Each structure stands twice: as C-alpha cells, then as structure tokens.
Protein chains: 2
Amino acid sequence: MSGIKETSTNYANKQALADECAEVYAANIIGGQWSLVICSWLLNGKLRFGELRQLLPNITERMLTLQLRKLEASHIVKRTVYAEVPPRVEYELTAIGYELKPIIKRLEEWGEKHKLMATRTLTDNE
Amino acid sequence: MSGIKETSTNYANKQALADECAEVYAANIIGGQWSLVICSWLLNGKLRFGELRQLLPNITERMLTLQLRKLEASHIVKRTVYAEVPPRVEYELTAIGYELKPIIKRLEEWGEKHKLMATRTLTDNE
DNA sequence: GACATTACTTACATTTTTTATAGTACCATA
DNA sequence: TATGGTACTATAAAAAATGTAAGTAATGTC
C-alpha cells in the first residue's frame, strides 16, 4: 500500500521467514505498536473510529488509520462505512480476527506471569 | 542497554501500553524480527551461537547477538559460556521462556489457517 | 456565509530497527 | 610466525515505524 521497499534485504528476510514459519507470518500480521490493543478492544464488539481513538488516548489519528488499514488488508478487521454526514465508520473483527482471542488471552496470561517474575527478580536483587 | 531514547513519545507510549495491557507487554518481549524463530528452535533444546547462525541463514551476527541479548535480558533465554578456546557459548530457554511453547504453537496454527484463507481469497478473485 | 462534526489525508520530522562491513581476543596447531 | 575457529564488538548506513501538525470533504444548523 505504501512505503515498503521490495528490494531491501529486510523485505526479503521477512518474506522468507514468513514462508517458512507460520508463527512469524502471524506475528507480522498482528505486530505493530497498536494492533493488539485494537484487537483486544474489538473483541468486545464493534467500535467507531472515534471511539477507538478515545480508548487509546495517546494514539494519533494517523497511526490509528494506518493500523486499521493494515488490519483490514489482512482480513482481521472489517470496515463499514455509513453514507451519512458527518461520516460514521464502524470496525469489527472478522471471523479469523476473532480467532485471535485465545492467543491474546494466553499472551496476556504469560505477560502477567512474566511481569510478576520480573518484579520479584528486581526485588531480590536490591 | 543502548539506543533507545527515554524521552521520546514512542517510548512513553510503549511503556504506558505495556503497563496497562499484559498482552502488549508480552508482545514487546517476543517482538523483533528474529525472536520468535530463535525461540522456536530453542524449544527443541540448547544451541550454540554458531548453530543458531546456521539455522537462520540470513541473519547477521550482529542481529543474532542483539536478539539473544534482548532475550537474555528478558529472562527468556539463558546463556552459558564455557571457558574454552575457541569459545563455546550455549543458549537455552528458561522456564518462563519454555512457557511460550503453547503460544507459539497457537500462533503457528492461526497463521497456517490464515495463510490458507488468504490463498483462497486470492484465487477466488482471479 | 460561518461553524461544527467525523473520519480521515498529506507532507514532513524523528525515532527505532535492521543490515553491511570490518574488525577483536583467545590459544592450539602447522 | 602464520592460520584457523568461535563468538563476539564497533561503526556506519539504510530502511521501517512512529509522531507532529495541518488540511480536506460533506452537510446540517446558526
């Protein structure tokens, strides 16, 4: 869609890895600073652009747009535009997007556990 | 350890997100072009630096070092140096690192499924 | 006609990540 | 003295991701 250089080593490496490893392929799709949070919120149901922006206080409109477009291009998110003025656009997870739920949940559990461990380690050392 | 600017908006955003969302915290730890593949290989057992390099033909030594150091700093990987010449260094997953296994597996399954879907979609459209 | 609202877009700047290339230390062996 | 192997480090540059700031379109209401 824009800005990625198909002649770079980086591009070639990413392609090769994604071809070989489905987990890397998956990680590329949901990788990006805000993708996971966006998906997390959308697990609860449809949201409008402005609602997402409010839920993610520090995101810029540009970033939100970019991430949503990427998720849309990956068929994780479905975008519905209502022909109204002012415009209304709703975002919701697709079926395959919704199937990220257990992964996100497990990541969350693992993160919590790791965080606890890290805290404990720090405390031990001081 | 180096190269990250603690005054940037990006840094602040990452921190804030990781604080709130354990899944983002987790994603930050295993995010990075090669981290997941490295972990995948290490799920099968210890590997030496040179062995990893051979398994990841396109990685540069610098990148391999960086990713391993990052994983080590996050307590995902344990590094053991043997006082020999030429040097021998072994890498293996820690307990918490090993607990990534089900996540990686699920990511892999989801990736496979998504890949199939993407293929089918493309074929349908042509 | 000016203004408000929503979901963007555009141009540009900065930061972060990844790649490229050339070293280094160590010592055993030739 | 030179060579080889291993696991790195240093420095620079390219590429990718993210952030900043301003503007746009459409139209109903004041």
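Below, chains carry the letters A, B, ... as their sequence lines are ordered, and counting in each starts from 1. A quick note: this is a predicted structure, and the numbers were derived from the prediction, not measured.
The distance from atom CZ of B/R53 to atom C1' of D/dA7 is 8 Å, rounded to the nearest whole Å. The nearest whole Å value for the distance from the NZ atom in A/K5 to the P atom in C/dT19 is 14 Å. Look at CG on A/L17: it is 13 Å from C1' on C/dT18, rounded to the nearest Å. Rounded to whole Å, the distance from CG on A/N28 to C1' on D/dA16 is 13 Å. Remark: P of D/dA17 and CE of A/M63 are 9 Å apart, rounded to the nearest angstrom. Rounded to a whole Å, the CG atom of B/L68 is 11 Å from the C1' atom of D/dA7. Residue B/I4 contributes atom CD1, which lies 17 Å from atom P of D/dA17 at whole-angstrom precision. Rounded to an integer number of Å, the gap from B/W34 CH2 to C/dT18 C1' is 10 Å.
Not one side-chain nitrogen or oxygen of A/Q67 sits closer than 4.0 Å to the OP1 or OP2 atom of D/dA17. The phosphate of C/dT15 (OP1 or OP2) has no side-chain N or O of B/N10 nearer than 4.0 angstrom. Checking the phosphate oxygens (OP1, OP2) of C/dT16, a side-chain nitrogen or oxygen of B/S8 falls inside 4.0 Å. Distances shown here put a side-chain N or O of B/N13 below 4.0 Å from the OP1 or OP2 atom of D/dG19.
Separating the NE2 atom in B/H114 from the OG1 atom in B/T119 is a distance of 10.0 Å, to the nearest 0.5 Å. With rounding to the nearest 0.5 angstrom, the CG atom of B/L52 is 9.5 Å from the CH2 atom of B/W41. Remark: A/R53 CZ to A/M63 CE distance equals 15.5 Å, nearest 0.5 Å. Residue A/E109 holds its CD atom at 12.5 Å from CD1 of A/I104, rounded to the nearest 0.5 Å.
The B/R69 side chain lies nearest to D/dT9 when the options are C/dT18, D/dT9, C/dT6. For A/T60, whose side chain is taken as the heavy atoms from C-beta onward, the closest listed nucleotide among C/dT18, D/dG19, C/dT6 is D/dG19. Of the candidate nucleotides D/dG19, C/dT9, D/dA16, C/dT9 has the atom lying nearest to any side-chain atom of A/T65. Listed nucleotides: C/dT18, C/dC27, C/dA20. Nearest to the side chain of A/T9: C/dA20. Considering only side-chain atoms of B/K14, the nucleotide from C/dT16, D/dA7, D/dT18 that sits closest is C/dT16.
Positionally, the nearest nucleotide of DNA chain C for A/G50 lies more toward the 5' end than for the other of A/G50 and B/I59. Map B/Y11 and A/Y11 each onto its nearest nucleotide of DNA chain C; the residue landing nearer the 5' end is B/Y11.
For C/dT10, the base has no donor-acceptor partner in the side chain of A/R62 [N/O atoms by modelled type, under 3.5 angstrom].
Cation-pi geometry between B/K115 and A/Y25 is satisfied (NZ or CZ under 6.0 Å from the ring centre, within 45° of the ring normal).
By the 4.0 Å N-to-carboxylate-O rule, A/K46 lies close enough to A/E90 to be salt-bridged with it.
Counting non-hydrogen atoms under 4.0 angstrom, A/Y91 reaches the backbone sugars and phosphates but no base.
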